[in-house]
Every structure is written in structure tokens, then in C-alpha cells.
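Position 1 is the first residue of the sequence, and the numbers go up from there. For ligands, and for the atoms within them, numbers begin at 1 and follow the listed sequence. Atom set for the values below is all heavy atoms of this structure, side chains included, hydrogens, waters and symmetry mates excluded.
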Amino acid sequence: MGRILADEQLAGCLKIAPQSVMVSSEVLTTETRRRIEQAWGPRVFNNYATTEASGLAIECDQHRGMHVMEDLVLVENVDQDNQPVPPGVFGDRLLVTPLYKRVQPLIRYVIEDRVRFSSEPCPCGRPFRLIDAIEGRAQEVLAFPKADGGAVGVHPLLFHTLLDLLPVSGWQVVQEADGLHILLARVHDALDDRQIESQVRQALAAQEAVVPPIQVQRVEAIPQTLAGKAPLVKSNLARASH
Ligand SMILES: [Zn+2]
């Protein structure tokens with residue numbers, strides 16, 4: 001939504017002057033941040049939240065990462081054995097304990113995000129720890145078979161890199177039984193679908209994946225889930241590991 005609104009502002013169809021822009025729910029990609037800043041200036045505040053545990057962290061005006069709301073929630077960054085990882089290192093998951101949920105308490109609720117805490121304090125002076133990088137959710141890593149057996153996990157960053165700069169108001173990669181569907185919403189410039197297909201094919205092949213059929217589909221809007229979400233990468237295949 002932030003990207004759509006920024007595009008409309010840049011096209012002269014929307015004329016608003018927000019004092020700040022807070023984004024949440026989906027991954028804020030570099031290109032979406034750039035477009036929002038181009039439209040309204042450097043006033044973007046990324047908010048890291050989950051449905052189950054509500055807000056976890058938010059940017060301050062230094063924009064060096066997101067401060068964990070440590071007066072509201074305990075966030076533990078741990079490895080695969082649930083052992084704590086130090087600042088500066090990516091964990092495998094978060095264990096989250098909100099301090100204010102009394103009707104449905106959550107204790108060390110597992111959030112499958114790979115997150116890194118900053119080893120530097122924030123210059124703003126707030127004591128709350130900074131999350132300086134989120135590698136995304138385990139659900140967004142797509143599994144493909146490999147030619148020599150086994151499977152390869154393809155990180156969502158591969159698709160961010162290839163698709164995020166396209167002149168579209170939104171995109172989504174969906175893994176289905178019949179192949180990979182690349183949805184492009186509101187294409188507002190010349191675009192060669194076959195070139196996109198071939199770039200994705202090459203990138204997947206470079207990771208030794210057996211490349212499935214790839215289909216680019218142009219849509220008016222990226223479909224939302226029942227919860228109103230529009231993830232950038234998702235799989236509709238049954239997951240073996242969960
Ligand atoms: Zn700060």
C-alpha cells in the first residue's frame with residue numbers, strides 16, 4: 001500500500017503531505033523505501049509486528065534499525081537449539097513473550113524470523129536494543145528439488161533483487177504445483193515478460209534448483225489473504241518440514 005500511494009503521489013494523482021509514514025505487515029524492501037522517500041522525504045518508520053504478539057520493534061528518527069519495545073515484550077534471539085546468539089549474528093528464530101497479554105498469555109512464542117541485533121547502541125540514546133537486519137521468514141524460503149537429489153532452499157532476497165526494481169506497483173511470487181507464478185500489479189512501463197522469466201530461471205538454475213515452469217501474470221492488484229496480507233513470496237505447496 002505504501003508503494004502504491006507513493007507511486008500515485010509521484011505520478012501527480014495523489015497530493016498529500018504526511019509528517020511521517022509508518023509501514024508494517026510486509027517486508028519493507030529497499031526500493032519501496034526509496035519510492036516513499038522520493039514522494040514524501042525521509043520520514044519512513046518501519047514497524048516490525050506480528051499478528052500473535054503485536055508490535056515488536058519500530059524505527060526511531062535515526063533510522064539505524066528498529067528498537068525492540070522492551071518495556072512491552074521480551075524478545076530472545078536464538079539459534080536452532082534455542083540457545084541465545086550474540087549481537088551482530090543472525091539467529092534462527094525469535095522467542096517472544098509479551099508482558100501485557102493476560103487473557104491469552106504467550107510465553108517464548110516462536111517466530112520463525114532470522115533477525116540480527118545491532119552490537120552498537122543507537123545514537124538517539126534510547127536504551128532499547130536495536131534490530132538492524134531481518135532476513136525474512138522461514139515461510140518465505142521456497143524449497144526446490146535439486147537435479148542430483150535433495151532440495152535447495154531459495155531465499156526471498158533472490159526475488160527481491162530481480163523483481164523489486166520493476167516499474168510495477170506490486171509483485172508476488174507464488175509457488176504452485178504447476179510451477180512458479182510471478183504476479184505483477186499495475187505495470188506502468190514497457191516490460192518484457194519473457195526476459196523476467198528468463199532472469200528468474202537463470203537465478204534459480206545458478207542455485208542448482210530444478211527450475212519449474214515460470215509464468216508471468218499481470219494483475220490489477222496483488223490478492224490479499226483473509227488476514228489482509230500480501231506477502232512478496234509464498235508457497236501453496238504442502239510443507240514437509242512443519
Ligand atoms: Zn534510536
Side-chain angles (χ1 to χ4, degrees), residues 1-7 9-10 16-79 82-101 105-140 155-157 160-161 164-165 229-232:
M1 281 302 149
R3 182 164 171 150
I4 292 171
L5 291 170
D7 281 352
Q9 179 93 19
L10 293 170
I16 59 173
Q19 291 187 349
S20 61
V21 179
M22 193 176 83
V23 293
S24 183
S25 190
E26 310 304 339
V27 176
L28 176 65
T29 64
T30 309
E31 174 64 8
T32 295
R33 182 188 283 274
R34 192 193 66 75
R35 289 193 201 182
I36 294 174
E37 291 186 350
Q38 198 184 345
W40 297 300
R43 302 186 178 91
V44 188
F45 295 86
N46 196 10
N47 180 18
Y48 179 36
T50 64
T51 308
E52 302 86 348
S54 192
L56 296 183
I58 190 161
E59 271 179 55
C60 69
D61 56 8
Q62 298 289 315
H63 303 286
R64 303 243 182 152
M66 294 179 287
H67 287 280
V68 177
M69 302 171 189
E70 292 187 284
D71 51 347
L72 295 175
V73 60
L74 302 179
V75 177
E76 299 169 81
N77 198 15
V78 298
D79 63 18
N82 292 325
Q83 297 304 304
V85 300
V89 175
F90 277 99
D92 287 301
R93 61 174 71 104
L94 295 175
L95 305 179
V96 171
T97 307
L99 302 176
Y100 53 87
K101 280 188 174 252
L106 294 175
I107 298 170
R108 289 187 148 171
Y109 186 80
V110 174
I111 308 263
E112 298 277 0
D113 285 354
R114 290 175 51 81
V115 161
R116 188 179 67 198
F117 280 86
S118 171
S119 36
E120 304 289 326
C122 185
C124 77
R126 288 180 180 86
F128 296 160
R129 289 175 301 160
L130 271 187
I131 290 175
D132 67 2
I134 300 179
E135 266 195 359
R137 306 211 141 180
Q139 299 97 292
E140 292 192 332
H155 195 273
L157 205 58
H160 291 198
T161 307
D164 208 39
L165 289 169
K229 302 203 107 197
L232 294 171

### Atom of Trp40, atom of Gly2 and distance for their closest heavy-atom approach
CZ3-O, 4.4 Å
### For Arg114, salt bridge (charged side-chain N to carboxylate O under 4.0 Å, His left out) partners two or more places apart
Asp92, Glu135
Donor-acceptor contacts under 3.5 Å from residues 51-58 side chains, at least two apart:
| residue | atom | partner | partner atom | Å |
| --- | --- | --- | --- | --- |
| Glu52 | OE2 | Tyr109 | OH | 3.3 |

### Query
Just checking, any donor-acceptor pair under 3.5 angstrom between side chains of Arg108 and Asn82?
no
### Query
Protein N/O/S atoms under 2.8 Å of the Zn ion (ligand 1)?
Cys60 SG, His67 NE2, Cys122 SG, Cys124 SG
### Summary
Sorted by chain and residue number, the side-chain hydrogen bond (donor to acceptor under 3.5 Å, both in side chains) partners of Thr29 (sequence neighbours excluded) come out as Thr32, Asp164
### Message
Can a donor-acceptor pair be found, under 3.5 Å and without considering hydrogens, that links the side chain of Gln9 to the backbone of Ile16?
### Response
yes
